[in-house]
Enquirer: 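Encoded as structure tokens, here's the structure I'll be asking about.
Throughout, numbering of the chain's residues begins at 1 and tracks the sequence. Read the numbers this way: they start at 1 and go in the same order the structure lists the ligands and their atoms.
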Amino acid sequence: MNTTLTDDSNREIPGGIAYDVPKWLGANRVEDWSIPPDRTVLLVHDMQDHFVSKYEADAEPISTVQKNIAELIASARSLGVPVVYSAQPGDQDPQERALLTDFWGYGPRTENIGIIDALAPVDTSEVMRKWRYSAFQRTDLIERLRSTGRDKLVITGIYAYIGCMATALEAFMNDIQAFIVSDAVADFTADDHTRALEWVSARCGVVSSTRDLNRQWAGAMVVNEAAALLDVRPEEIGLDSDLNDLGLDSMRFIQLSMNLKRRGVNLPFENMITGNTISSWLAQGATVGS
Ligand SMILES: C=C(O[C@H]1C=CC=C(C(=O)O)[C@@H]1O)C(=O)O
């Protein structure tokens with residue numbers, strides 16, 4: 001198949017994209033999926049110079065999205081949640097690119113396919129080469145999940161109404177619970193952004209937010225740190241366990257707060273004296289990241 005375009009201009013992705021990140025006001029069809037760190041993978045979808053450059057730099061939505069993705073990457077790394085990047089190749093052979101050329105022209109050039117510096121992977125092994133909308137197509141994403149017993153995928157990046165949505169759908173069809181992060185994805189317009197969230201929440205996944213995910217992960221980190229301090233197994237500590245009963249005295253509270261600070265969890269000591277359970281501390285606003 002050999003598509004030659006006479007005029008590529010009307011297939012290019014529009015440049016100068018700028019819109020306020022829409023507030024997700026919808027409801028998820030599924031409400032009981034969670035993201036334990038040992039069963040979750042964080043996907044950073046196509047945050048490559050070529051695609052990110054379509055946004056107005058240092059403006060909404062991309063400034064907020066980049067910041068939130070960076071926060072989630074930091075949280076994931078501190079919890080041992082694998083971070084996986086998808087990235088499309090440059091100067092694609094028309095035979096390989098096939099129908100994408102009809103929709104999007106010749107696609108990215110090799111010089112523009114790097115992951116943006118602000119979100120750089122720590123190792124090339126974190127990066128999967130992606131040829132189609134879905135990050136599952138012709139990649140080892142499903143093996144990366146299955147081989148480590150992980151069945152939850154947190155999806156961030158661009159574009160929400162294209163590859164992020166396609167990836168969430170294919171996750172669902174592979175029995176993987178997909179979580180699309182409302183303020184860590186972006187598209188061409190606020191409407192397209194919202195459409196992606198609405199479709200995923202109604203048909204194949206859960207819409208979450210950076211704050212919600214960080215609170216869930218903060219809870220997991222507090223459990224891990226408290227268990228280490230009390231020399232018990234994490235499974236013995238629930239979010240509503242009275243940690244005083246488990247031996248967490250005031251000195252150890254201070255130690256726990258300091259240990260958590262080192263792990264990037266903001267759990268000020270004054271919050272902790274409001275109650276003896278992790279859920280009471282989370283209610284005070286303990287989160288991971290800034
Ligand atoms: C960022 C994505 O790339 C696709 C969307 C627009 C243009 C594309 C291209 O030029 O190859 C990709 O097919 C995505 O899948 O969300």
Enquirer: Identify, with sequence neighbours excluded, every residue that meets side chain to side chain donor-acceptor pair (under 3.5 Å) alongside Asp140.
Expert: Arg144

Enquirer: Output the distance between atom CD (Gln92) and atom CH2 (Trp104), rounded to the nearest 0.5 Å.
Expert: 13.5 Å

Enquirer: Quick one: list whatever passes ring-ring contact (aromatic ring centres under 6.0 Å, His included) with Tyr159, sequence neighbours left out.
Expert: Phe51, Phe188

Enquirer: Any chance you could lay out the salt bridge (Lys or Arg N to Asp or Glu O under 4.0 Å) test for Arg215 and Asp212, step after step, and finish with the verdict?
Expert: CA-CA 5 Å; Arg215 280 170 65 86; Asp212 290 352; 5.7 Å; no

Enquirer: Strictly by salt bridge (charged side-chain N to carboxylate O under 4.0 Å, His left out), give each pair with a member in residues 147-166 just once, sequence neighbours left out.
Expert: Arg39-Asp151

Enquirer: Find all protein N or O atoms under 3.5 angstrom from an N or O atom of ligand 1 and list the pairs with distances, or write 'none'.
Expert:
residue: ligand 1; atom: 3 (O); partner: Gln88; partner atom: NE2; Å: 2.8
residue: ligand 1; atom: 10 (O); partner: Arg97; partner atom: NH2; Å: 2.9
residue: ligand 1; atom: 11 (O); partner: Gln88; partner atom: OE1; Å: 3.2
residue: ligand 1; atom: 11 (O); partner: Arg97; partner atom: NH1; Å: 2.8
residue: ligand 1; atom: 11 (O); partner: Arg97; partner atom: NH2; Å: 3.1
residue: ligand 1; atom: 15 (O); partner: Lys130; partner atom: NZ; Å: 3.3
residue: ligand 1; atom: 15 (O); partner: Gly163; partner atom: N; Å: 3.4
residue: ligand 1; atom: 16 (O); partner: Tyr159; partner atom: N; Å: 2.9
residue: ligand 1; atom: 16 (O); partner: Gly163; partner atom: N; Å: 2.8

Enquirer: For Ser147 and Glu143, does a side-chain donor sit closer than 3.5 Å to a side-chain acceptor?
Expert: no

